[in-house]
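One structure below.
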Amino acid sequence: MSILFPMKTIKFFPRFWINFFKCGITGWCLEVMFTSAESIIAGDMRLIGQTSLLMFPIYGMGALLGPIGRQVDLWIADGSQGAGTSLNLMDKMIRHGMLYMVLIFIAEYLAGMFLRDMGICPWDYTGRHLNVNGLIRLDFAPLWFLTGLLFEQITSLGKS
């Protein structure tokens with residue numbers, strides 16, 4: 001049994017679900033704040049923000065970012081050292097932020113394609129600056145860079 005399900009894997013699943021909920025809730029809050037700030041630009045001082053229930057699992061998948069970043073660190077360090085021990089903290093932040101940004105763009109695009117095919121995609125960037133097929137906006141790159149680092153941070157809290 002331990003060959004098929006090593007203890008490290010078994011311990012991962014409960015933590016994954018806790019982190020899934022942390023990222024889902026954080027993503028929802030960020031989206032409501034962001035859309036609320038957009039309302040100022042539109043001249044609506046009521047600061048009404050919005051999101052969709054469909055966004056919760058999409059943001060929740062941010063729980064995978066930290067483990068992916070750690071695996072990349074091991075791969076770069078060739079597994080011979082601890083994850084990133086010889087790496088400068090700023091280099092690690094930039095590398096992780098870029099990686100997470102790209103992964104978030106891929107997830108947003110694929111989720112958007114799937115939801116649009118079902119006729120329930122809650123976003124449409126058609127006509128917006130730097131959009132790709134109405135599914136992603138490249139000008140959101142700095143936001144996804146920072147969001148990925150935030151997700152990494154909140155999912156590493158309380159970790160033993």
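Heavy-atom basis, side chains included; hydrogens, waters and symmetry copies ignored.
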Heavy-atom pair of closest approach, residues [X] and [Y]:
{"X": "Asn88", "Y": "Met90", "value": "OD1-N, 2.6 Å"}
{"X": "Arg137", "Y": "Phe105", "value": "O-CE2, 3.3 Å"}
{"X": "Ala63", "Y": "Cys23", "value": "N-SG, 3.5 Å"}
{"X": "Gly66", "Y": "Glu152", "value": "CA-CG, 4.4 Å"}
{"X": "Ile136", "Y": "Glu108", "value": "CG2-OE1, 3.3 Å"}
{"X": "Leu54", "Y": "Pro122", "value": "CD1-CD, 4.2 Å"}

**OP:** Kindly determine whether Leu64 and Leu103 satisfy side chain to side chain contact (heavy atoms under 4.5 Å, CB included), including the steps that lead there.
**Re:** CA-CA 10 Å; Leu64 296 172; Leu103 291 173; over 6 Å; no
Original post:
With no hydrogens and no angle check, is any side-chain donor or acceptor of Thr155 less than 3.5 Å from a backbone partner on Asn19?
Top reply: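 Side chain of Thr155 to backbone of Asn19: no pair is present.
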**OP:** Say whether, by atom type as modelled, one donor and one acceptor occur between the side chain of Asn133 and the main chain of Leu135 under 3.5 angstrom.
**Re:**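 Checking the backbone N and O of Leu135 against the side chain of Asn133, no donor-acceptor pair under 3.5 Å is found.
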Hey, any chance [X] and [Y] share a hydrophobic cluster, counting ILVMFWY side chains that come within less than 4.5 Å of each other, even indirectly?
{"X": "Leu110", "Y": "Met118", "value": "yes"}
{"X": "Val102", "Y": "Met98", "value": "yes"}
{"X": "Met33", "Y": "Leu47", "value": "no"}
{"X": "Ile154", "Y": "Val32", "value": "no"}
{"X": "Trp75", "Y": "Ile94", "value": "yes"}

Parallel, tilted or perpendicular: which fits the ring planes of [X] and [Y], with parallel below 30° and perpendicular above 60°?
{"X": "Trp17", "Y": "Phe21", "result": "tilted"}
{"X": "Trp28", "Y": "Phe56", "result": "tilted"}
{"X": "Tyr59", "Y": "Trp144", "result": "tilted"}

Spatial distance of atom [atom1] ([X]) from atom [atom2] ([Y]) [nearest 0.5 Å]:
{"X": "Gln50", "Y": "Ser36", "atom1": "CD", "atom2": "OG", "value": "10.5 Å"}
{"X": "Glu38", "Y": "Ile40", "atom1": "CD", "atom2": "CD1", "value": "10.5 Å"}
{"X": "Leu53", "Y": "Met55", "atom1": "CG", "atom2": "CE", "value": "11.0 Å"}
{"X": "Leu150", "Y": "Gln153", "atom1": "CG", "atom2": "CD", "value": "8.0 Å"}
{"X": "Tyr100", "Y": "Met93", "atom1": "OH", "atom2": "CE", "value": "11.0 Å"}
{"X": "Leu30", "Y": "Thr51", "atom1": "CG", "atom2": "OG1", "value": "10.0 Å"}

**OP:** Take Ile104 and Leu65 through the side chain to side chain contact (heavy atoms under 4.5 Å, CB included) test and state the conclusion after the steps.
**Re:** CA-CA 9 Å; Ile104 290 170; Leu65 296 176; 4.1 Å; yes
Original post:
Is any NZ, NE, NH1 or NH2 atom of the basic residue among Arg95 and Asp73 found under 4.0 Å from an Asp or Glu carboxylate oxygen of the other?
Top reply: yes
**OP:** Find out whether Phe20 and Pro57 are in side-chain contact, i.e. whether some heavy atom of one side chain is under 4.5 Å from a heavy atom of the other.
**Re:**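 In contact.
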Subject >> Leu115 vs Ile58 side-chain heavy atoms within contact, under 4.5 Å >> reply: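 The answer is yes, as the side chains (C-beta and beyond) meet within the 4.5 Å cut-off.
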Original post:
Taking everything shown except Ile120 itself, do over 12 heavy atoms lie less than 6.0 Å from its CD1?
Top reply: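 It does: Ile120 CD1 has more than 12 such atoms within range.
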Original post:
Would you find more than 12 non-hydrogen atoms of other residues, nucleotides or ligands less than 6.0 Å from Tyr109 atom OH?
Top reply: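 Yes, enclosed.
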Original post:
Please walk me through it: do Val132 and Leu138 pass side chain to side chain contact (heavy atoms under 4.5 Å, CB included)?
Top reply: CA-CA 8 Å; Val132 177; Leu138 298 177; 4.1 Å; yes
Subject >> Step-by-step side chain to side chain contact (heavy atoms under 4.5 Å, CB included) determination, Leu149 to His96 >> reply: CA-CA 7 Å; Leu149 292 175; His96 283 206; 4.0 Å; yes
